[in-house]
Undergrad: 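I'd like to ask some things about the structure below.
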Amino acid sequence: MSTCIYIPADTLAIALGADEVAASIASIAKTRGLEIEIVRNGSRGLCWAEPLIEVETKSGRMAYGNIGQTDVDGLFEADFLNGGKHEKFLGLAQDITYLKNQQRFIFKTCGLYDPCDLAAYKAHGGFSGLHAALKVTPDKIIDEVEISGLRGRGGAAFPAAIKWRTVLGAKAAQKYIVCNADEGDSGTFADRLIMEGDPYRLIEGMVIAGLATGANAGVIYLRSEYPWAKTMLDKAIAIAKAANWLGNDIQGSGKSFNLSVFVGGGSYVCGEETALLESLEGRAGIVRSKPPLPALEGLYGQPTLIQNVITLCAVPDILTRGGAWHQALGTGRSTGTMCFQLAGDVKFGGLVEVPFGQTLRDILYEFGGGTRSGLPIKAVQIGGPLGAYLPPERFDTPLDYEAFGAIGAGIGHGGIVVFNENADMRKQAHFAFAFCAHESCGKCTPCRIGAVRGAELLAAETPDLGLVHDLCEVMVDGSACAMGSMTPIPVQSAIRHFPHDFNVRQRLAAE
Amino acid sequence: MTRWNETKSRALIEETQARGGALTSALRALTDTFGYIDPAAIPPLMQIFSRSRAEVLGVISYYDDFRDTPPGNHVVRLCQAESCQAVGARELTELVCAATGLKLGETSKDGKLTLEAVYCLGLCANGPAAQVDGKPLAELDENKLDAKLAALQI
Ligand SMILES: Cc1cc2nc3c(=O)[nH]c(=O)nc-3n(C[C@H](O)[C@H](O)[C@H](O)COP(=O)(O)O)c2cc1C
Ligand code: SF4
Ligand code: FES
């Protein structure tokens with residue numbers, strides 16, 4: 001009987017040699033006359049263990065972590081085809097502590113099968129949310145989303161149902177669903193993981209959003225830095241269309257939904273929803289003034305629902321299990337799970353999906369295991385380049401939107417970047433300004449010029465921090481979008497929490 | 001990459017427009033095919049998308065991905081964003097720049113190598129990360145990157 005071996009084909013696993021491992025395993029098996037079947041699955045998000053290969057045995061899927069080409073001979077010697085012991089043996093995949101301590105629903109099937117295997121997706125409960133949605137009215141779908149308390153995972157945490165209701169209520173011949181897959185924040189890769197590893201979940205979420213709002217066309221705005229995600233999405237869309245989960249008269253329902261992928265041009269600001277629309281329409285990504293809201297006048301002036309990948313991927317289960325089930329997860333107004341991503345100098349980096357409410361410390365140490373370098377943690381930046389730098393004194397803050405808002409920080413898209421004691425926080429603050437100067441769309445003066453001046457100020461021997469704060473105030477008050485108004489967050493949090501890195505003492509002595 | 005040619009360029013622009021694609025989609029198609037947007041593609045872009053020269057040039061210059069000169073035979077994009085900074089991307093970049101004599105954004109005189117900055121490749125748990133000719137690399141250090149560059153024979 002042939003043994004099934006799972007070897008992820010995800011950008012990270014490939015970067016770390018998964019293709020070569022797969023080729024070696026295939027060739028050795030052939031030489032030895034062993035019957036095997038290699039499935040290139042998605043990643044389970046255990047980035048610290050990639051390439052993570054799994055062998056289907058009588059007792060379940062046995063995992064071996066950090067497998068390189070040079071390990072392959074040894075794996076055969078250790079009889080890994082029967083789950084044999086080896087120094088890189090991690091036991092039953094599902095029992096790996098890092099996975100076991102999570103509460104996954106958005107990522108529950110990511111990594112279990114070939115991402116484009118439609119039958120496997122269905123066998124794991126796929127499309128049951130869409131089935132449920134097809135049986136009820138648009139209003140009823142939106143009621144469930146409203147009860148669920150689902151808020152946008154792209155950064156702004158806006159309640160999804162409000163936007164859905166607005167688009168549904170808008171009268172227009174054409175409406176659109178736009179999936180924001182620009183994932184520009186450093187430290188984030190949840191969108192990439194799920195697009196590469198479980199693309200039908202996103203497709204299902206988008207079709208449900210279309211049914212709920214009356215939109216029959218969708219676009220995924222994908223960043224160009226994710227070429228593999230493009231390959232997987234294109235393939236999944238073609239298969240879903242052939243199987244009538246996309247296209248006209250979906251599963252005989254009389255409803256239609258067509259979907260395409262648009263690749264961006266390497267601009268961070270194009271993640272901002274109106275800049276994104278400009279980009280889709282063929283122009284430079286310059287932020288639009290609001291109003292009008294995109295929900296009323298979005299793509300080509302038509303009502304448009306814009307949501308992040310993860311927000312849309314949460315939708316199928318909300319329809320299957322009911323909004324109340326989702327609402328019961330998490331804490332307060334932060335309902336459901338958050339897909340955190342541990343990055344930077346962290347020992348066990350990866351995707352951690354847990355209900356809101358755990359402390360930052362739990363995520364950093366219980367999942368992350370501290371730093372990869374072994375040095376103490378100096379700071380973490382949470383929520384991408386516009387997120388705050390926090391010192392260890394703040395690590396006991398519970399991870400929910402309100403608690404983070406209260407300490408002048410945000411959760412954003414869930415990226416947590418760890419810096420060790422060697423980090424120079426002045427360099428990090430300088431980078432925040434420089435990045436803003438590089439990415440600014442130029443529409444408003446405080447952002448366009450402020451960022452340049454800010455970078456200059458922080459490059460000085462002893463920066464004039466009073467002037468930096470004044471500048472930040474102007475940027476916060478006078479910028480049209482979060483690029484300009486939130487760049488002061490990493491800058492000022494770095495100054496507040498790490499004054500020693502800014503030559504403050506020398507400056508005071510000199511005065 | 002295909003060598004620039006007028007007929008193919010025009011065909012790509014027309015195809016994009018015919019399937020309802022926008023100017024940005026045409027620029028993407030040209031870039032994916034030729035590696036850059038040749039100045040000779042500007043007039044057909046203006047004509048087919050009914051845009052002024054200033055508009056077309058404005059869109060091209062807005063996006064980091066769209067270049068108006070051919071890249072080197074090999075393109076090395078080094079991640080410069082925070083997660084990679086936290087594990088030594090700045091230092092690694094300095095070494096690569098010193099070794100190649102190029103700054104980020106430059107192409108070598110012999111046209112063999114282009115060095116570029118990229119802001120996040122989604123490999124943030126395993127930095128420093130890079131993309132070499134579109135292929136992802138992670139957990140880089142000086143030796144690993146040197147070996148990679150040596151394999152390209154630059
Ligand atoms: C500068 C800037 C960059 C952004 N980048 C992204 C991004 O990469 N992905 C994303 O989903 N949202 C991004 N956003 C937020 C979007 O504007 C928008 O709020 C979001 O796509 C809405 O979807 P959601 O409600 O599901 O989060 C960005 C916002 C700003 C101001
Ligand atoms: S804040 Fe910056 S990025 Fe945002 S609209 Fe103004 S200039 Fe553009
Ligand atoms: S910050 Fe370098 S890959 Fe994300």
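Please read all numbers here as calculations on a predicted model, not as lab measurements.
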Undergrad: Answer with side chain, backbone, both or neither: which region of A:D185 has an atom nearer than 4.5 Å to a non-hydrogen atom of chain B?
TA: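 Backbone only.
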Undergrad: Please identify, among A:G17, A:A190, A:G264, A:G415, the residue contributing the most non-hydrogen atom pairs under 4.5 Å to chain B.
TA: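 The option with the most such pairs is A:G264.
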Undergrad: Tell me whether A:W228 contacts the main-chain N or O of A:A9 through its side chain, where contact means a donor paired with an acceptor under 3.5 Å.
TA: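 The answer is yes, because a donor-acceptor pair under 3.5 Å joins these two groups.
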Undergrad: State plainly whether the residues A:E183 and A:R223 are in salt-bridge range, i.e. N to O under 4.0 Å.
TA: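 No.
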Undergrad: Could you measure the distance from the CD atom of A:E421 to the OG atom of A:S373? Nearest 0.5 Å is fine.
TA: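 One gets 8.0 Å once the value is rounded to the nearest 0.5 Å.
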Undergrad: Find the one option among B:R51, B:K135, B:Q131, B:Q80 whose heavy-atom pairs under 4.5 Å with chain A are most numerous.
TA: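 Looking at each option in turn, the highest pair count goes to B:R51.
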Undergrad: Which one of B:A22, B:C120, B:G134 has the most heavy-atom pairs closer than 4.5 Å to chain A?
TA: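 Counting heavy-atom pairs under 4.5 Å, the top option is B:C120.
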Undergrad: Could you tell me whether the side chain of B:T100 and the main chain of B:V96 form a donor-acceptor pair under 3.5 Å?
TA: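 Yes, B:T100 side chain to B:V96 backbone: donor-acceptor pair under 3.5 Å.
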Undergrad: Please look at B:Y63 and chain A and tell me whether the side chain, the backbone, both or neither of the residue comes under 4.5 angstrom of a heavy atom of that chain.
TA: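 For B:Y63, backbone and side chain are both near chain A.
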Undergrad: Rounded to the nearest 0.5 Å, what separates atom CD in B:Q85 from atom CD in A:Q381?
TA: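 The CD atom of B:Q85 sits 8.5 Å away from the CD atom of A:Q381.
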Undergrad: If we define contacts as heavy-atom pairs under 4.5 Å, which of B:L23, B:V56, B:N126 has the most with chain A?
TA: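 With the most close heavy-atom pairs to chain A, the winner is B:N126.
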Undergrad: Give, as side chain, backbone, both or neither, the part of A:T188 having an atom under 4.5 angstrom from any heavy atom of chain B.
TA: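 The answer is the backbone of A:T188.
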Undergrad: Could you tell me whether a side-chain N or O of A:K347 sits under 3.5 Å from a main-chain N or O of A:G370, the two making a donor and an acceptor?
TA: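 A pair under 3.5 Å: no.
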Undergrad: Need one label for A:R192: side chain, backbone, both or neither, based on atoms under 4.5 Å from any heavy atom in chain B.
TA: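 Just its side chain gets close to chain B.
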Undergrad: Under 4.5 Å from any heavy atom of chain B, what part of A:L12 do you find: side chain, backbone, both or neither?
TA: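 Interface part for A:L12: both.
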Undergrad: What residue in B:R28, B:E55, B:R77 has the most heavy-atom pairs under 4.5 Å with chain A?
TA: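 Top option by heavy-atom pairs under 4.5 Å: B:R28.
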Undergrad: Centroid separation under 6.0 Å, is that true for the rings of A:F419 and A:Y389?
TA: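 Centroid separation for A:Y389 and A:F419: below 6.0 Å.
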Undergrad: Counting only heavy atoms closer than 4.5 Å, note whether A:Y268 contacts chain B via side chain, backbone, both or neither.
TA: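 For A:Y268, no heavy atom lies under 4.5 Å from chain B.
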Undergrad: Would you say the side-chain atoms of A:D345 pair up with the backbone N or O of A:R372, donor to acceptor, closer than 3.5 Å?
TA: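 Side chain of A:D345 to backbone of A:R372: a pair is present.
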Undergrad: Measure distances from A:L280 to the heavy atoms of chain B and classify the residue's part below 4.5 Å as side chain, backbone, both or neither.
TA: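 Answer is backbone: N, CA, C or O of A:L280 sit under 4.5 Å from chain B.
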Undergrad: Are B:R10 and B:E6 close enough for a salt bridge, meaning some N to O gap below 4.0 Å?
TA: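 The answer is no: the pair does not qualify as a salt bridge.
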Undergrad: Looking at chain B, which one of A:G350, A:G285, A:A432 has the largest number of heavy-atom pairs inside 4.5 Å, strictly under?
TA: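 Looking at each of A:G350, A:G285, A:A432 in turn, A:G285 comes out on top.
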Undergrad: Taking every heavy-atom pair that is under 4.5 Å apart, which of A:G344, A:S260, A:C441 has the most such pairs with chain B?
TA: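 Greatest number of close heavy-atom pairs with chain B: A:G344.
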Undergrad: Between B:A26, B:G127, B:C124, who has the most heavy-atom pairs with chain A when the cutoff is under 4.5 Å?
TA: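 Heavy-atom pair counts peak at B:C124.
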Undergrad: Under the criterion side-chain contact (heavy atoms from CB on, under 4.5 Å), I'd like the reasoning laid out for B:V75 against B:T107: C-alpha separation, chi angles, the key distance, then a yes or no.
TA: CA-CA 9 Å; B:V75 179; B:T107 299; over 6 Å; no
Undergrad: Chain A heavy atoms under 4.5 Å from B:K148: which part of the residue, side chain, backbone, both or neither?
TA: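 No part of it gets close to chain A.
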Undergrad: Can you sort out the partners of A:F498 under ring pair (Phe, Tyr, Trp, His ring centres under 6.0 Å), two or more places apart, ordered by chain and number?
TA: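 None.
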Undergrad: Is chain B contacted by the side chain of A:P385, its backbone, both, or neither, given a heavy-atom distance below 4.5 Å?
TA: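 Backbone plus side chain of A:P385, per the 4.5 Å heavy-atom cut-off to chain B.
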Undergrad: Out of A:S279, A:P227, A:G349, A:A229, return the one with the most heavy atom pairs under 4.5 angstrom to chain B.
TA: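 Heavy-atom pairs under 4.5 Å are most numerous for A:S279.
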